[in-house]
Amino acid sequence: MQTLYQIALITHIVGITLMAGTTLIEYLLTKHFWKLFANDGSRAITSNEDKFNFHLLVNIGIIFLILSGVTMLMIFQAVFVKQIWFQIKIGLIIIIAINGSVVGRRQDKELKRLISLEKSNFYRDDLLVQENLKADFMRVKNRLDLFYISQLLMFLTILTLSVFKFN
């Protein structure tokens with residue numbers, strides 16, 4: 001039973017690390033994209049096309065996290081379920097998943113839509129449309145910044161709760 005617990009714990013740590021690490025990398029790549037975009041929009045758009053599908057790594061992390069968490073709960077006969085640190089941790093994991101699925105992916109799709117419009121140069125001569133497009137880009141940038149910072153803070157809170165196990 002001890003070996004099963006250790007395997008589950010390692011898998012749990014790998015799962016949360018995959019999720020948090022991938023989120024951090026996506027955030028850093030997004031910051032890099034916006035720096036490029038401010039200086040050279042066409043170069044930023046080209047660099048964004050080569051983007052790796054990080055959602056796959058996050059989904060693998062979620063699977064690892066859930067399977068190993070359920071395994072550890074079964075080993076300890078769900079003793080943690082009544083502890084406040086655990087309840088907060090589970091709540092944060094649910095919020096992270098919903099936030100990523102709803103807010104993060106929605107902003108990614110919006111950014112791709114805006115990039116597609118920018119690449120087409122269809123509205124090149126319409127200054128009003130160009131100004132609206134820039135405002136839309138800034139709105140997406142601000143929302144993505146808020147999204148990534150909130151996700152990273154929730155991951156930090158989860159790790160802190162897991163280490164200190166406040167009651």
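Closest non-hydrogen pair, Thr71 versus Ala8, comes out as CG2-CB, 3.9 Å. Minimum interatomic distance between Leu117 and Leu133 (heavy atoms only, all atoms of both residues): CD1-CD1, 4.0 Å.
Judged as a salt bridge (Lys or Arg N to Asp or Glu O under 4.0 Å), and not counting sequence neighbours, Arg105 has no contacts. Checked against salt bridge (Lys or Arg N to Asp or Glu O under 4.0 Å), Lys141 has the following partners two or more places apart in sequence or in another chain: Asp145. Annotation: salt bridge (Lys or Arg N to Asp or Glu O under 4.0 Å) contacts of Arg106 (sequence neighbours excluded): none.
The shortest distance between side-chain heavy atoms of His55 and Glu26 falls below 4.5 Å. Using a 4.5 Å heavy-atom threshold, the side chains of Ile62 and Asn59 count as touching. Contact of the Phe33 side chain with the Ile115 side chain is registered, since non-hydrogen atoms from C-beta on lie closer than 4.5 Å. Two residues are said to be in side-chain contact when any heavy atoms from C-beta on lie closer than 4.5 Å; Leu159 and Val163 fail this criterion. Counting heavy atoms from C-beta outward, Ile75 and Leu4 have side chains that approach closer than 4.5 Å. Between Thr23 and Ile96 there is no side-chain heavy-atom pair separated by less than 4.5 Å.
Within 6.0 Å of atom CZ in Phe64, 12 or fewer heavy atoms from other residues, nucleotides or ligands are found, so the atom counts as exposed in its surroundings. Atom CD of Gln77 has 12 or fewer heavy atoms from other residues, nucleotides or ligands within 6.0 Å.
Taking CG from Asn132 and NZ from Lys134, the interatomic distance works out to 11.5 Å, rounded to the nearest 0.5 Å. Note that the CG atom of Leu111 and the CG atom of Asp136 stand 11.0 Å from one another [nearest 0.5 Å]. Rounded to the nearest 0.5 angstrom, Leu146 CG and Asn99 CG are separated by 8.5 Å.
Applying the salt bridge (Lys or Arg N to Asp or Glu O under 4.0 Å) test to every pair with at least one member in residues 12-24, sequence neighbours left out, gives no pairs at all.
The aromatic rings of Tyr148 and Tyr27 sit tilted, their planes meeting at an angle between 30° and 60°.
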Sequence neighbours left out, cut at 3.5 Å: what donor-acceptor pairs do the side chains of residues 78-88 make with other protein atoms?
residue, atom, partner, partner atom, Å
Gln83, OE1, Trp85, NE1, 2.5
Gln87, NE2, Val81, O, 3.0

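Its side chain outside the 4.5 Å cluster rule for every partner, Leu36 clusters with none of the Ile, Leu, Val, Met, Phe, Trp and Tyr residues.
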